[in-house]
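Notes follow once the structure below has been shown.
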Amino acid sequence: DWSSDVCSSDLISLVKLAADPGNLLPAITFWLMGSLASLRMSDVAAAALPILVGLGGLTLLRWRLNVLSFGDEEATALGVNVRLARLLIIFCATLATASAVAICGIIGLVGLVAPYLTRLLVGADHRRLIPGSMLLGGGYLALKTLTAVDILALLGTAYGLVGVFGLWRATCGQWAGLSLGMLRKY
């Protein structure tokens with residue numbers, strides 16, 4: 001719904017307007033764009049357990065996701081408690097996603113691109129789709145990280161801005177004549 005998007009955007013703008021421009025405003029901006037630049041090992045350690053619990057739960061519930069794709073009546077006929085399965089799936093997905101976003105912000109397109117491309121590659125079977133999405137999402141994030149380091153390291157630009165360039169680079173190998181050899185300079 002576009003009205004909720006507008007209201008959310010207005011609230012974010014209000015928070016940014018009231019934020020301290022020297023300290024808090026850059027932190028808010030980088031969190032909204034998404035960045036791994038300020039990530040500390042203690043952040044990863046704090047988020048690791050909830051992320052693993054969420055992803056592990058989704059992995060255990062993958063066959064229920066397959067059954068739920070047939071519809072509520074068919075899932076009930078096959079012995080699935082539809083309401084409980086949905087609650088568990090939403091809980092696990094929310095736990096993993098919220099924990100990851102809490103430490104690195106909203107890194108654009110990873111949560112949209114990875115499952116979509118994985119579904120194109122392996123099909124709709126959640127036994128392959130869930131682990132495949134995890135691997136492809138991690139690979140996509142690594143590609144965005146390499147692209148950000150390679151191209152925008154001196155600017156300090158957040159990873160969320162370089163997603164399209166990362167995909168282009170994966171297919172072409174270089175961008176504007178710059179190569180992974182630049183990593184040695186940074």
Side-chain angles (χ1 to χ4, degrees), residues 1-5 8-9 12 31-37 39 41-148 158-173:
D1 179 45
W2 67 270
S3 61
S4 64
D5 292 342
S8 298
S9 177
I12 291 170
W31 185 83
L32 288 171
M33 288 189 293
S35 177
L36 300 176
L39 197 62
M41 205 56 192
S42 60
D43 298 330
V44 174
L49 182 62
I51 291 172
L52 290 174
V53 167
L55 294 178
L58 287 174
T59 303
L60 292 174
L61 295 167
R62 65 190 182 272
W63 74 270
R64 285 187 173 88
L65 279 165
N66 284 336
V67 173
L68 286 172
S69 67
F70 295 127
D72 291 356
E73 290 180 21
E74 288 80 3
T76 303
L78 291 170
V80 173
N81 182 339
V82 173
R83 183 175 175 175
L84 179 61
R86 281 195 178 140
L87 285 172
L88 288 172
I89 291 165
I90 290 170
F91 174 77
C92 290
T94 302
L95 183 65
T97 303
S99 300
V101 170
I103 62 170
C104 62
I106 306 165
I107 298 180
L109 297 179
V110 175
L112 296 173
V113 171
Y116 178 76
L117 290 178
T118 305
R119 185 177 295 265
L120 290 176
L121 294 171
V122 302
D125 185 353
H126 289 87
R127 292 176 298 171
R128 292 186 306 263
L129 184 60
I130 291 174
S133 294
M134 290 180 208
L135 291 172
L136 193 63
Y140 180 66
L141 184 58
L143 180 66
K144 288 177 79 165
T145 301
L146 288 175
T147 304
Y159 301 138
L161 297 178
V162 295
V164 174
F165 298 116
L167 285 177
W168 186 84
R169 179 157 181 204
T171 59
C172 299

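Taking 4.5 Å as the limit, some side-chain heavy atom of Ile51 sits within range of a side-chain heavy atom of Leu55.
Heavy-atom minimum distance, Leu112 versus Pro115: O-CD, 3.8 Å. Closest approach of Thr59 and Ile130 over heavy atoms only: OG1-CG2, 4.1 Å. Residues Leu58 and Cys92 come closest through the heavy atom pair CG-CB, 3.8 Å. The minimum heavy-atom distance linking Pro50 with Ser99 is given by the pair CB-OG, 3.0 Å.
In terms of modelled atom types and a separation under 3.5 Å, the side chain of Ser69 and the main chain of Asn66 share a donor-acceptor contact.
A distance of 12.0 Å separates CG in Leu84 from CZ in Arg86, rounded to the nearest 0.5 Å. Summarising the geometry, atom CD1 belonging to Ile107 is positioned 5.0 Å from atom CG belonging to Leu141; distances are rounded to the nearest 0.5 Å. Rounding to the nearest 0.5 Å places CG of Leu78 at 10.0 Å from CG of Leu68. Here the OG1 atom belonging to Thr118 is positioned 10.5 Å from the CE atom belonging to Met134, to the nearest 0.5 angstrom.
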Exercise. Does the pair His126 and Arg119 meet the rule for a side chain to side chain contact (heavy atoms under 4.5 Å, CB included), with working shown?
Worked result: CA-CA 9 Å; His126 289 87; Arg119 185 177 295 265; 4.2 Å; yes

Exercise. Between Arg64 and Leu88, does a side chain to side chain contact (heavy atoms under 4.5 Å, CB included) hold up when you go through it step by step?
Worked result: CA-CA 10 Å; Arg64 285 187 173 88; Leu88 288 172; over 6 Å; no

For this session: Give the C-alpha distance, both sets of side-chain angles, the deciding distance and a yes or no for side chain to side chain contact (heavy atoms under 4.5 Å, CB included) between Leu129 and Leu65.
Result: CA-CA 11 Å; Leu129 184 60; Leu65 279 165; over 6 Å; no

For this session: Go through Val80 and Trp63 one step at a time and tell me if the side chain to side chain contact (heavy atoms under 4.5 Å, CB included) criterion holds.
Result: CA-CA 10 Å; Val80 173; Trp63 74 270; 4.0 Å; yes

